[in-house]
*Asks:* 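Below is the structure I would like to discuss, written out as structure tokens.
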2 protein chains.
Amino acid sequence: MFNDASHHPPAAAQGKQGPTSESSAEKVLNLLLAFSASGREMGTTELSVKLGLHKSTTSRLIKTLVNAGFLQQNPSTRKYLLGISAYQLGYTASRTLNARLLAVAHPYLYGLAQQTGESVAMEMVSGINIILASHVEGPSHLRFNFQQGEVLPINVAAGAKAILAYSSPDFVESCLQGEFKRFNDRTIVSKEDYRKLLKQVKAEGISYDRGERYEDIHAMAAPIFFADGSPKAAVIIAGPASRLTDSFFRSAVSPLKETAATISRSLDL
Amino acid sequence: MFNDASHHPPAAAQGKQGPTSESSAEKVLNLLLAFSASGREMGTTELSVKLGLHKSTTSRLIKTLVNAGFLQQNPSTRKYLLGISAYQLGYTASRTLNARLLAVAHPYLYGLAQQTGESVAMEMVSGINIILASHVEGPSHLRFNFQQGEVLPINVAAGAKAILAYSSPDFVESCLQGEFKRFNDRTIVSKEDYRKLLKQVKAEGISYDRGERYEDIHAMAAPIFFADGSPKAAVIIAGPASRLTDSFFRSAVSPLKETAATISRSLDL
DNA sequence: CTAATTGTTGCGTTATACGGAACATAAACT
DNA sequence: AGTTTATGTTCCGTATAACGCAACAATTAG
């Protein structure tokens with residue numbers, strides 16, 4: 001009928017043009033971010049309303065994005081989804097950010113190891129696994145030795161708990177696919193118990209391991225966040241149960257949280 | 001139909017070289033792709049020469065990209081590197097593409113299982129691990145049962161060999177970090193032997209497992225490629241050694257390769 | 001300290017990207 | 001079948017955003 005009406009005001013007409021009208025460069029990027037946010041397939045019209053652009057503009061931008069490989073069209077639905085260039089870009093970004101995280105974090109890990117006298121490590125997300133990415137051995141003769149690159153069992157690793165406590169339910173569930181391995185009688189093997197524990201960890205901001213893997217090893221961990229608020233890593237203090245008592249834990253909470261927070265901040269620039 | 005003739009001289013008549021002078025939207029995307037390609041930190045001048053743009057233009061584009069979080073500036077070097085938005089985008093793209101791969105592949109996996117009478121599966125890359133992503137059980141009563149979601153030992157898994165044979169040396173080495181576990185006396189435990197084997201697999205286009213993990217289980221695999229030519233998955237046929245003899249292998253090479261190639265093609269759109 | 005290299009604004013001009021509507025295609029109804 | 005609604009793409013003249021230039025900052029080198 002008269003769908004053209006469109007008497008909607010010229011969007012932030014006057015009023016000191018706070019958000020200056022977007023450049024076309026900004027428009028492409030916002031278009032990409034729209035996909036990043038929703039993840040769904042979307043059509044031209046849907047995108048145009050979502051971004052407040054004209055269909056014609058949207059159509060042209062999409063064409064550009066498809067040519068560059070950032071979007072592709074699902075032939076059956078005729079809608080668009082993220083393409084291989086977006087994937088490649090993210091892969092490179094991930095490597096870059098991880099490298100930067102490692103470089104930035106190491107001195108702080110070292111400082112924490114000196115301060116606490118125990119071994120310190122950083123665990124990082126890799127796909128749907130959590131791996132041991134970096135470590136600094138403590139000054140003591142009796143200390144825990146981390147194994148670089150190891151894929152960690154998420155039910156016992158303190159860092160994994162800290163990371164998952166702040167992760168999206170979606171991601172948590174994909175990590176919970178496999179069976180939990182039992183290492184000893186303290187090991188958590190029930191998925192239900194584990195989910196409850198994550199809530200507790202999130203409330204405290206710290207996760208603990210009191211011998212759930214190796215009976216004589218205790219550990220504690222705090223999450224590191226990327227600029228978008230997503231937890232991508234954790235700092236872990238680990239050592240012999242005889243030294244990592246509850247009183248040690250209490251005294252180490254602040255330094256640990258502080259270290260993790262400092263690393264998170266340093267990533268933002 | 002051709003009322004407008006549209007013989008308007010679009011840029012081709014321009015003295016300027018190149019097909020069509022890039023739109024600014026294309027410029028931003030190319031700028032991003034430049035980072036995707038090199039991965040290094042880069043400054044304004046370097047980027048401007050690399051892309052054939054003026055410094056001023058490049059500077060403005062970079063500013064836009066930084067605002068949108070696609071780039072960030074390393075304060076110590078003052079150069080730019082990929083930012084959190086690029087990372088998020090890639091993460092979403094990866095989920096999208098994986099979902100699409102699973103959806104597209106399944107019917108072909110099923111077909112191959114019917115055709116060969118054996119269990120068929122697809123392994124996919126996840127971070128620096130290779131996981132079992134999807135499987136179809138064969139019709140026979142005695143068959144191999146895949147374990148969904150399992151992180152596979154790359155030294156024995158046939159699919160892992162197929163994927164790594166075509167992967168970048170960089171990626172291969174990051175996967176080779178940990179120790180190879182020995183399952184039996186056929187298991188490959190030497191990294192050197194493994195690297196040699198990968199070359200052979202690449203030459204043949206197929207990888208085999210003749211009881212390297214479970215002595216009575218044989219398997220073969222062929223890689224699946226994304227549109228950019230990167231191997232992100234593999235199709236695997238597995239079953240009892242008694243049936244997966246060399247003669248079975250010979251007869252299954254073509255169907256297996258064909259299935260993998262068909263899936264790869266279907267992803268391109 | 002000067003010279004050289006790299007990075008960031010102003011400004012006037014020109015080409016680029018926009019909005020509107022026609023055109024085209026596909027799905028939804030009867 | 002035919003008709004209607006929804007969705008997507010192309011064309012064109014015009015306004016404006018983006019460009020190149022060159023001066024200006026800010027570092028680094030000599």
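Residue numbers begin at 1 in each chain, while the letters A, B, ... track the order of the sequences. Just the heavy atoms: all of them, side chains too, but no hydrogens, waters or symmetry mates, feed the values below. In this text, all values refer to a predicted model and were calculated from it rather than measured experimentally.
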*Asks:* To the nearest angstrom, how far is A/L53 atom CG from C/dC18 atom C1'?
*Replies:* 10 Å
*Asks:* If you assign each of A/T57 and A/S76 to its closest nucleotide in DNA chain C, which residue comes earlier from the 5' end?
*Replies:*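 By nearest-heavy-atom nucleotide position, the 5'-most residue is A/T57.
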*Asks:* Taking only N and O in the side chain of B/T45, is any of them less than 4.0 Å away from OP1 or OP2 of C/dT6?
*Replies:*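 So the side chain of B/T45 is outside the cut-off, no N or O lying under 4.0 Å from OP1 or OP2 of C/dT6.
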*Asks:* Quick one: B/Q73 CD to D/dA26 P, roughly how many Å, whole number?
*Replies:* 14 Å
*Asks:* Check whether the side chains of A/Q88 and B/S36 place a donor and an acceptor atom closer than 3.5 Å, and report yes or no.
*Replies:*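 There is no such pair between these side chains.
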*Asks:* Thinking salt bridges, do A/E26 and B/K63 make one under a 4.0 Å N-O criterion?
*Replies:*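 Salt bridge between A/E26 and B/K63, a charged N being under 4.0 Å from a carboxylate O: no.
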*Asks:* What's the closest nucleotide to the side chain of A/H54 if the choices are C/dA17, C/dA27, C/dG19?
*Replies:* C/dG19
*Asks:* How many whole angstroms separate atom CZ of A/R78 from atom P of C/dT25?
*Replies:* 12 Å
*Asks:* With a 6.0 Å cut-off on ring centres, are B/Y166 and B/F225 close enough?
*Replies:* yes
*Asks:* Rounded to whole Å, please give me the gap between CG in A/L61 and P in D/dG8.
*Replies:*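 Those two atoms, CG and P, are 15 Å apart.
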*Asks:* From NZ of A/K63 over to P of D/dT9, roughly how many Å is that when rounded to an integer?
*Replies:*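 It works out to 8 Å between those atoms.
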*Asks:* Is it the case that A/T64 and A/R60 place a side-chain donor and acceptor less than 3.5 Å from each other?
*Replies:* no
*Asks:* Any luck finding a side-chain donor-acceptor pair between A/S24 and B/S24 under 3.5 Å?
*Replies:* yes
*Asks:* Considering just the side-chain nitrogens and oxygens of B/S24, establish if one lies under 4.0 Å of OP1 or OP2 belonging to C/dA17.
*Replies:* yes
*Asks:* Between the base of C/dG19 and the side chain of A/S56, is there a donor and acceptor pair under 3.5 angstrom?
*Replies:* yes
*Asks:* Heavy atoms under 4.0 Å, any strand shown: does A/K79 hit a base, just sugar-phosphate, or nothing?
*Replies:* nothing
*Asks:* Should B/R60 be listed as having a side-chain N or O under 4.0 Å from OP1 or OP2 of C/dG7?
*Replies:*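 Indeed not, no polar side-chain atom of B/R60 lies that close.
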*Asks:* Between A/A25 and A/Y80, who's closer to the 5' end of DNA chain D by nearest nucleotide?
*Replies:* A/Y80
*Asks:* Return the value, rounded to whole Å, for the distance between atom CD1 of B/I62 and atom C1' of C/dT6.
*Replies:*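 After rounding, the reported distance stands at 11 Å.
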*Asks:* What is the distance, to the nearest angstrom, from the CD atom on A/E46 to the C1' atom on D/dA6?
*Replies:* 14 Å
*Asks:* Are B/K55 and D/dC19 close enough that a side-chain N or O sits under 4.0 Å from OP1 or OP2?
*Replies:*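 So the side-chain polar atoms of B/K55 never come under 4.0 Å of the phosphate oxygens OP1 or OP2 of D/dC19.
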*Asks:* Specify the separation, in whole Å, of atom CG of B/L47 and atom P of C/dT5.
*Replies:*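 Checked: the CG to P distance equals 19 Å.
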